[in-house]
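Just below is one structure, and these are the notes that go with it.
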Amino acid sequence: MAMLPLLASTGSDRADAILSGAVCLWEALFPQRIRGYYLSGSYANATATPTSDLDLTIVFKDHYRDPAESDRAQQLCAAIEALHPAIFLDLGYLSEQSLQQADRISVALQLKRSSCLIYGEDIRDQITAIPDARYVRDAMHIPYFGSSYGRPQLDVLIFPLDYPDPKGRFYGYDGWNLSSSGDTEQAGTKMLVVIVGRIASAIVALHSGAYVGTKHDSVTLYCKHIHDQWADLVEQVYDVCKARWQYRVPTNPSDQAQLQALCQRALDFENHFFALYRSYLLDELHTSAREDQLRAVERLGQIIYPGEAIDNALRQLLETADGDLCTAIVQTMRQRASARAEHRPRHKAPENPPAG
């Protein structure tokens with residue numbers, strides 16, 4: 001199969017070859033169905049490190065022909081990602097029609113403002129998305145996933161959160177292994193960078209409404225719009241973990257001590273956000289948009305906050321709810337009761353980092 005020429009280069013021959021091969025596969029399996037292939041992330045904005053992922057979004061023409069077409073696309077994504085190329089390829093796909101949906105606002109903004117077309121037709125000028133309340137809502141919900149995925153042993157998060165691994169040298173914030181083309185896996189700091197960066201982006205969106213398109217933007221805009229006691233943490237995590245250490249856990253003792261200190265502070269930053277998120281979710285319960293109420297109700301069953309305010313708000317909403325919203329409220333109230341019954345005293349943040 002002849003390799004297809006890309007419209008733009010990442011600056012890395014290896015990355016370009018992986019992308020070209022992926023485009024060839026999609027074109028072969030979905031002939032005349034793909035509008036364009038858009039690269040985002042660090043390879044699109046020239047900040048990639050040797051351990052960065054390739055983030056590629058595939059846009060189908062118009063709408064999916066049938067559910068089977070979407071299923072085949074999902075299978076192809078999983079198959080390509082499972083190949084473990086020299087650079088991990090993180091694939092996503094959607095249709096032109098879905099770009100107009102309210103729940104795709106973040107993807108639409110990323111394509112319009114923070115992507116690079118590498119093959120196909122450019123439709124970015126036709127995307128009408130703007131960073132409105134829908135974008136703020138998406139930005140506020142996203143950090144939950146990083147904090148939750150970083151604690152896979154937990155069925156629900158209990159506020160205030162504990163460290164991902166209180167006994168770990170870096171408190172578990174090195175829990176996501178770096179992508180590798182070999183058989184060995186290497187611990188890295190990507191989990192720390194993702195959690196801190198997503199929280200910074202959410203707080204920027206909440207307080208300023210500004211769109212955050214990249215990890216670097218999350219630092220710049222946080223320092224510009226927020227500039228609080230957490231700004232130096234946000235800046236240092238990006239500067240040293242991504243830019244200097246390239247997501248790797250450093251081997252130098254002084255660097256390791258610096259990483260320990262950053263990881264120790266990260267928990268307080270997470271809890272700072274989740275305190276803001278609690279107020280945001282309570283406000284969402286009173287919104288007129290049913291789908292937003294439903295998402296807030298479900299999230300309150302996944303993050304267990306103490307106190308009666310949330311229980312009272314859920315009971316009040318239940319008085320007028322019906323259908324799936326009523327079912328979700330009852331389920332969330334059960335989850336909260338069960339989690340409180342099983343809850344044991346939390347670990348406290350250690351006064352001194354664990355010995356190296």
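Starting from 1, each residue takes its place in the sequence as its number. Just so it is clear, the values below take in all heavy atoms, side chains as well, and ignore hydrogens, waters and symmetry mates.
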Shortest non-hydrogen contact from [X] toward [Y]:
| X | Y | result |
| --- | --- | --- |
| C241 | V193 | CB-CG2, 3.5 Å |
| D138 | S106 | OD2-OG, 2.9 Å |
| P131 | R113 | CD-NH2, 3.3 Å |
| G301 | T332 | N-CG2, 3.5 Å |
| A202 | A139 | CB-O, 3.2 Å |
| A187 | D174 | CB-O, 3.9 Å |

Expected output: side-chain [X] to main-chain [Y] donor-acceptor under 3.5 Å:
| X | Y | value |
| --- | --- | --- |
| S208 | V204 | yes |
| D16 | T10 | yes |
| Y280 | A296 | no |
| E81 | L91 | yes |
| K215 | R198 | no |
| S20 | L4 | yes |
| Y93 | S70 | yes |
| R151 | D162 | yes |
| S98 | L94 | no |
| K61 | Q32 | yes |

Would you say [X] has more than 12 foreign heavy atoms packed within less than 6.0 Å of its [atom1]?
| X | atom1 | result |
| --- | --- | --- |
| R334 | CZ | no |
| D155 | CG | no |
| D125 | CG | no |

Rounded to the nearest 0.5 Å, how far does [atom2] of [Y] lie from [atom1] of [X]?
| X | Y | atom1 | atom2 | value |
| --- | --- | --- | --- | --- |
| K242 | Y247 | NZ | OH | 4.5 Å |
| R33 | D62 | CZ | CG | 7.0 Å |
| F145 | I195 | CZ | CD1 | 13.5 Å |
| E235 | C223 | CD | SG | 4.5 Å |
| T51 | N177 | OG1 | CG | 12.5 Å |
| L221 | H227 | CG | NE2 | 14.0 Å |

Would you check if [X] and [Y] make a side-chain contact, meaning some heavy-atom pair closer than 4.5 Å?
| X | Y | answer |
| --- | --- | --- |
| D53 | I87 | no |
| C116 | Y38 | no |
| L19 | L89 | yes |
| W245 | Q258 | yes |
| V107 | I105 | no |
| L157 | Y144 | yes |
| T189 | W176 | no |

Might you work through the side-chain hydrogen bond (donor to acceptor under 3.5 Å, both in side chains) test for D217 and T220, ending with a clear yes or no? CA-CA 5 Å; D217 288 345; T220 302; 5.3 Å; no
Do the numbers put R35 on top of the ring of F60, so that NZ or CZ is under 6.0 Å from the six-membered ring centre and no more than 45° off the axis? no
For a quick check under 3.5 Å, do E27 and Y37 share a side-chain donor-acceptor pair by atom type?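 Yes, because at least one side-chain N or O of E27 sits under 3.5 Å from a partner of the opposite role on Y37.
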As a quick check of understanding, evaluate side-chain hydrogen bond (donor to acceptor under 3.5 Å, both in side chains) for R290 and Q293, giving each step before the final call. CA-CA 5 Å; R290 187 185 182 90; Q293 290 178 318; 5.8 Å; no
S147 vs E270, side-chain hydrogen bond (donor to acceptor under 3.5 Å, both in side chains): CA-CA, chis, key distance, verdict: CA-CA 8 Å; S147 295; E270 284 191 272; 2.5 Å; yes
So does R278 pair up with D283, basic N to acidic O under 4.0 Å? no
Between R299 and E284, does any NZ, NE, NH1 or NH2 come within less than 4.0 Å of an OD or OE carboxylate oxygen? no
What residues form a side chain to side chain contact (heavy atoms under 4.5 Å, CB included) with P5, not counting sequence neighbours? none
Who are the side chain to side chain contact (heavy atoms under 4.5 Å, CB included) partners of D13, not counting sequence neighbours?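 Testing D13 for side chain to side chain contact (heavy atoms under 4.5 Å, CB included), a comparison that skips the adjacent residues, returns none.
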May I have the step-by-step check of side-chain hydrogen bond (donor to acceptor under 3.5 Å, both in side chains) for Y173 and Q260, ending in yes or no? CA-CA 9 Å; Y173 288 109; Q260 284 181 329; over 6 Å; no
Which is it for R265 and D232 under the salt bridge (Lys or Arg N to Asp or Glu O under 4.0 Å) test, yes or no, and what are the steps along the way? CA-CA 11 Å; R265 290 188 66 198; D232 65 317; 3.0 Å; yes
Tell me the ring-ring contact (aromatic ring centres under 6.0 Å, His included) pairs involving residues 304-324, sequence neighbours left out?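 Found F159-Y305.
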Can you confirm if the aromatic rings of Y277 and H141 lie within a centre distance of less than 6.0 Å?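 Ring-ring flag for H141/Y277: true, centres closer than 6.0 Å.
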Between Y211 and Y135, does the ring centre distance come in under 6.0 Å? yes
Go through R244 and D239 one step at a time and tell me if the salt bridge (Lys or Arg N to Asp or Glu O under 4.0 Å) criterion holds. CA-CA 6 Å; R244 189 198 306 172; D239 287 346; over 6 Å; no
CA sep, side-chain torsions, deciding dist, call: L233, D268, side chain to side chain contact (heavy atoms under 4.5 Å, CB included): CA-CA 11 Å; L233 174 68; D268 287 338; over 6 Å; no
